[in-house]
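One structure is given here, and the rest of the page talks about it.
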Amino acid sequence: MRSIEDNIVVGKSKSFALRCIRMYQVLVKERSEYVLSKQLLRSGTSIGANVKEALRGQSKADFAAKLSIALKEASESEYWIELLGESEIITKQEFESIHHDCRELIKILTSIVKTTFRSIHNS
């Protein structure tokens, strides 16, 4: 049996959170951007926290609810990344890299949430 730390969505959400932390540090220190970067920091680090909480859920419904929150946070993160990119606060290369990671998380979480809700309703 795999441990929680070996779970792919745990690893990807933690890596994404660390990217958001590093991006926040650069944006504040080197580009004097405080508002959008703080929003991304909050939502981007919240994804992994909700994933970890979901894995300790008391039921399938609790698991699905927490992962749904993680998915919402990932969608919010995508919005802040889009604003940072479209306002040219981050470079096109920076945007494409972090946006790709965010979209990957959204796809994984969407799949897990749909499968879990389907299994709850078919029980």
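One hydrophobic cluster, built from ILVMFWY side chains closer than 4.5 Å, holds both Trp80 and Phe16. Ile89 and Val28 are assigned to two separate hydrophobic clusters, defined by single-linkage of ILVMFWY side chains at heavy-atom distances under 4.5 Å. Residue Tyr79 is grouped with residue Phe95 when hydrophobic side chains (ILVMFWY) are merged at heavy-atom distances under 4.5 angstrom, including chains of intermediate members. Connection of Ile112 to Ile120 is established within a shared hydrophobic cluster, with ILVMFWY side chains joined at heavy-atom distances below 4.5 Å, either directly or through further cluster members. Linking ILVMFWY residues whenever their side-chain heavy atoms come closer than 4.5 Å, directly or via other members, leaves Ile69 and Phe117 in distinct clusters.
The side-chain contact (heavy atoms from CB on, under 4.5 Å) check on Ser32 picks up Tyr34, with sequence neighbours excluded.
Side-chain N or O atoms of Gln39 include none that pairs as donor or acceptor with a backbone N or O of Leu41 at under 3.5 Å. Without hydrogens or angle criteria, Ser46 side chain to Arg42 main chain gives no donor-acceptor distance under 3.5 Å. Between the side chain of Gln58 and the main chain of Asp62, no donor-acceptor pair closer than 3.5 Å is present. Although no hydrogens or angles enter the test, the distance criterion places no donor-acceptor pair under 3.5 Å between the side chain of Ser97 and the main chain of Gln93. Distance alone, capped at 3.5 Å, places no donor-acceptor pair between the Ser111 side chain and the Ile108 backbone.
Distance check, rounded to the nearest 0.5 Å: CG of Leu71 to CD of Glu73 gives 10.0 Å. Separation of atoms CG (Leu67) and NZ (Lys60) is listed at 13.0 Å; rounding is to 0.5 Å. For the atom pair Arg56 CZ and Lys66 NZ, the distance stands at 14.5 Å (nearest 0.5 Å). With rounding to the nearest 0.5 Å, the separation of CD in Glu96 from CG in Asp101 is 12.0 Å. Rounded to the nearest 0.5 Å, atoms OH (Tyr24) and CD (Glu33) are 9.5 Å apart. Rounded to the nearest 0.5 Å, atoms CG (Leu105) and NE2 (His100) are 10.5 Å apart.
Comment: Glu104 does not engage Arg19 in a salt bridge, judged by the lack of any side-chain N to carboxylate O separation of less than 4.0 angstrom.
Side-chain contact between Asn7 and Val51: absent, with no pair of heavy atoms (C-beta onward) separated by less than 4.5 Å. Here the side chains of Ile81 and Glu78 are not in contact, with every heavy-atom distance at 4.5 Å or above. Side-chain contact between Ile98 and Leu84: absent, with no pair of heavy atoms (C-beta onward) separated by less than 4.5 Å. Residues Val26 and Ile90 fail the side-chain proximity criterion, which asks for heavy atoms closer than 4.5 Å. Residues Ile47 and Ser77 form a side-chain contact, since some pair of their non-hydrogen atoms from C-beta on lies under 4.5 Å apart.
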Give the C-alpha distance, both sets of side-chain angles, the deciding distance and a yes or no for side chain to side chain contact (heavy atoms under 4.5 Å, CB included) between Arg118 and Thr115.
CA-CA 5 Å; Arg118 210 175 298 125; Thr115 302; 4.3 Å; yes

